[in-house]
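What follows is a single structure, written as structure tokens, with notes after it.
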Amino acid sequence: MHLLEGRCPFRGTVAILLLVSVAHAIDLDISSEQSIKDAASTSTYAMMKYYYGNETGQIPGAFPDKWWEGAPLFLALLEYWHFTGDTTYNEELSVGLQWQSGTDGDYMPSNYSSYLGNDDQMFWGLAAMTAAEFSFPDRSTGFSWLSLAQGVFNTQIKRWDTSSCGGGLRWQIWPYQSGYAMKNAISNGGLFQLSARLARYTADAIYLQWANKIWDWSVSSPLLSNSTWNVADSTDVDNDCATQGNSQWTYNYGTYLMGAAYMYNYTNGTTQSQWLTAVNGLLNATLDKFFITGGIIEDYYCEPAENCNNNEILFKGLTSSWLATTALLVPSTFDSILAKLQTSGQAAAASCTGHSNGTCGVQWYKSTWDGWMGMEEQISATKVFTANLINFNKTAPVTSTTGGNSTSNPAAGEDDTTASSQKTTTITTADRAGAGIVTAVFVAGWIGLMSFMMFGG
Ligand SMILES: *[C@@H]1O[C@H](CO)[C@@H](O)[C@H](O)[C@H]1NC(C)=O
Ligand SMILES: *[C@@H]1O[C@H](CO)[C@@H](O)[C@H](O)[C@H]1NC(C)=O
Ligand SMILES: *[C@@H]1O[C@H](CO)[C@@H](O)[C@H](O)[C@H]1NC(C)=O
Ligand SMILES: *[C@@H]1O[C@H](CO)[C@@H](O)[C@H](O)[C@H]1NC(C)=O
Ligand SMILES: *[C@@H]1O[C@H](CO)[C@@H](O)[C@H](O)[C@H]1NC(C)=O
Ligand SMILES: *[C@@H]1O[C@H](CO)[C@@H](O)[C@H](O)[C@H]1NC(C)=O
Ligand SMILES: *[C@@H]1O[C@H](CO)[C@@H](O)[C@H](O)[C@H]1NC(C)=O
Ligand SMILES: *[C@@H]1O[C@H](CO)[C@@H](O)[C@H](O)[C@H]1NC(C)=O
Ligand SMILES: *[C@@H]1O[C@H](CO)[C@@H](O)[C@H](O)[C@H]1NC(C)=O
């Protein structure tokens, strides 16, 4: 993920604005389906004020300085449509989610591919996966949503790196990026989640195999503990992953929890109880650590100090949606998750008094607008509102045997010779239909050129 500078919170004007703004929160009755839908509609409208991709001369789905954020935006729109039935934004959603997939159908578009992290690409893969699981119609031309998720999977497993730490994905894709020396929770937990979801949707054994492999590696590393259920943010390849950067973020817990919930729902027999243990452990840790004031979700590493960057403002929105899906896939967790989504949703709504026009803040636990505003604030608010709609519609993500009809392409992305800097390691293709494996060679000259373009220009 592209780390950005902290942002201007409009601090200077906060005091004045708070005085003049009438306390018009998004009016939310958490027990009313219609009220939640209305709140989601208001926050989504405000969210789309930041989207220009459907205007003449603009590029669909493009966020040049923060490319990955298109994925959470489209995730929010998918959830909004799925839970409310409102199709207002579906065309922009469909066009943008397709456009950014690039010519190889793996979310490595050439405008951005030379400086992406595995997590950036992965979030787009998760958005495409959600489109498939919600039966969002495939476009008549272009790539199917399922194949786009498969394209991300295929390009990422080629980057599985056994040269250090016994495996794992590095954070960044390219050696000239400083984060290349790290292996982090969101990249590995993201691919774990994507693999588990592909396994459940397609029933293709290769995805199950990789989900297990990524989980096993994660618990063998300092990133994920299967006894305390601590999830660390990162670990360094320079000391063979002996130490951890233990920053605590909701989404690192959320992504492993989501993947474990899919594994629980998909697997039967003995391994199911192993996944139930993981779900309960990760859920317990998530609820204990991040729902602090009044049971309201909080990324406490940045919120009290008011120094959350754009990325960090999105984490609790992403996590809220993953909690909601977990509640559907693991019914025994439903009540405890819903209770926390309700307190959080209520507080998020109370934070939306900004400018008396549905502008939401960051620190939901303050239950009043804190003076922050932006697309990220609106995305997270929309996501926690729609997450609350599981109370009224328990329709779980579909699979290819329960109504999902997105076209499968197990070889998606295999032809993309520019997606990886590492040589292909052994990938067993026994279970895989379709084309052969292309060996991605290390294109030294090309990498050199890209570094020159990045750092020289
Ligand atoms: C709310 O008001 C602010 C300040 O005028 C403006 O920047 C923002 O675009 C408005 N949002 C909506 C949804 O109208
Ligand atoms: C872009 O989408 C918005 C809805 O978010 C709509 O109001 C606007 O008219 C659209 N613009 C164009 C040029 O289609
Ligand atoms: C629940 O949501 C699904 C997907 O949007 C929809 O098809 C279904 O009609 C909804 N069911 C109810 C009871 O609202
Ligand atoms: C890449 O940039 C070109 C030139 O601005 C633009 O036409 C194209 O749509 C962009 N592609 C993506 C995927 O953003
Ligand atoms: C797939 O399902 C969606 C949603 O139910 C539907 O709109 C679409 O027409 C279907 N596509 C095909 C090829 O059957
Ligand atoms: C926890 O992970 C370790 C690998 O680090 C494994 O040996 C052990 O069996 C796991 N425990 C459980 C209960 O799954
Ligand atoms: C789990 O059980 C269901 C129903 O008994 C079956 O349809 C499904 O194939 C099983 N899944 C796995 C991964 O064995
Ligand atoms: C998590 O587990 C601990 C120890 O069993 C327990 O004390 C705590 O109440 C649990 N937290 C939640 C939110 O369930
Ligand atoms: C899997 O999810 C479905 C849909 O919510 C649910 O009905 C089912 O009970 C879940 N399976 C298990 C084993 O809990």
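Order of appearance sets the numbers: ligands from 1, and atoms from 1 within every ligand.
With Trp68 as the fixed residue, the ring-ring contact (aromatic ring centres under 6.0 Å, His included) test singles out one of Trp124, Phe123, Tyr112: Phe123. When each of Leu323, Leu338, Val279, Leu257 is paired with Thr333, the side chain to side chain contact (heavy atoms under 4.5 Å, CB included) condition holds for Val279 and for no other. With Asn284 as reference, Asp288 is the one residue of Asp288, Asn280, Leu287 to meet the side chain to side chain contact (heavy atoms under 4.5 Å, CB included) rule.
At a 4.0 Å heavy-atom cut-off, ligand 2 does not touch Tyr51 at all.
Close approach of ligand 3 to Thr395 is summarised as follows: ligand atoms under 4.0 Å from at least one heavy atom of the residue are 1 (C), 2 (O), 3 (C). Close contacts of ligand 8 with Leu287, meaning ligand atoms under 4.0 Å from a residue heavy atom, involve 13 (C).
When only interatomic distances are considered, the shortest N/O to N/O separation between Asn54 and ligand 2 falls below 3.5 Å.
Using a 4.0 Å threshold on non-hydrogen atoms, atom 7 (O) of ligand 2 does not count as touching the protein. Using a 4.0 Å threshold on non-hydrogen atoms, atom 2 (O) of ligand 8 counts as touching the protein. Note that atom 14 (O) of ligand 3 has protein non-hydrogen atoms nearby, at separations under 4.0 angstrom.
Note: Phe315 and Tyr251 have parallel aromatic rings, judged against thresholds of 30 and 60 degrees for the angle between ring planes.
When only non-hydrogen protein atoms are considered, atom 10 (C) of ligand 8 lies nearest to Asn284 ND2, 2.4 Å. In this structure, atom 5 (O) of ligand 2 lies nearest to the protein heavy atom Glu92 OE2, 3.1 Å. From the protein, the heavy atom lying nearest to atom 9 (O) of ligand 3 is Asn393 ND2, 4.8 Å.
Between the CD atom in Gln150 and the OG1 atom in Thr155 there is a gap of 11.5 Å [rounded to 0.5 Å].
There is a side-chain donor-acceptor pair under 3.5 Å between Trp372 and Glu306. A donor-acceptor pair shorter than 3.5 Å cannot be found between the side chains of Thr202 and Tyr207.
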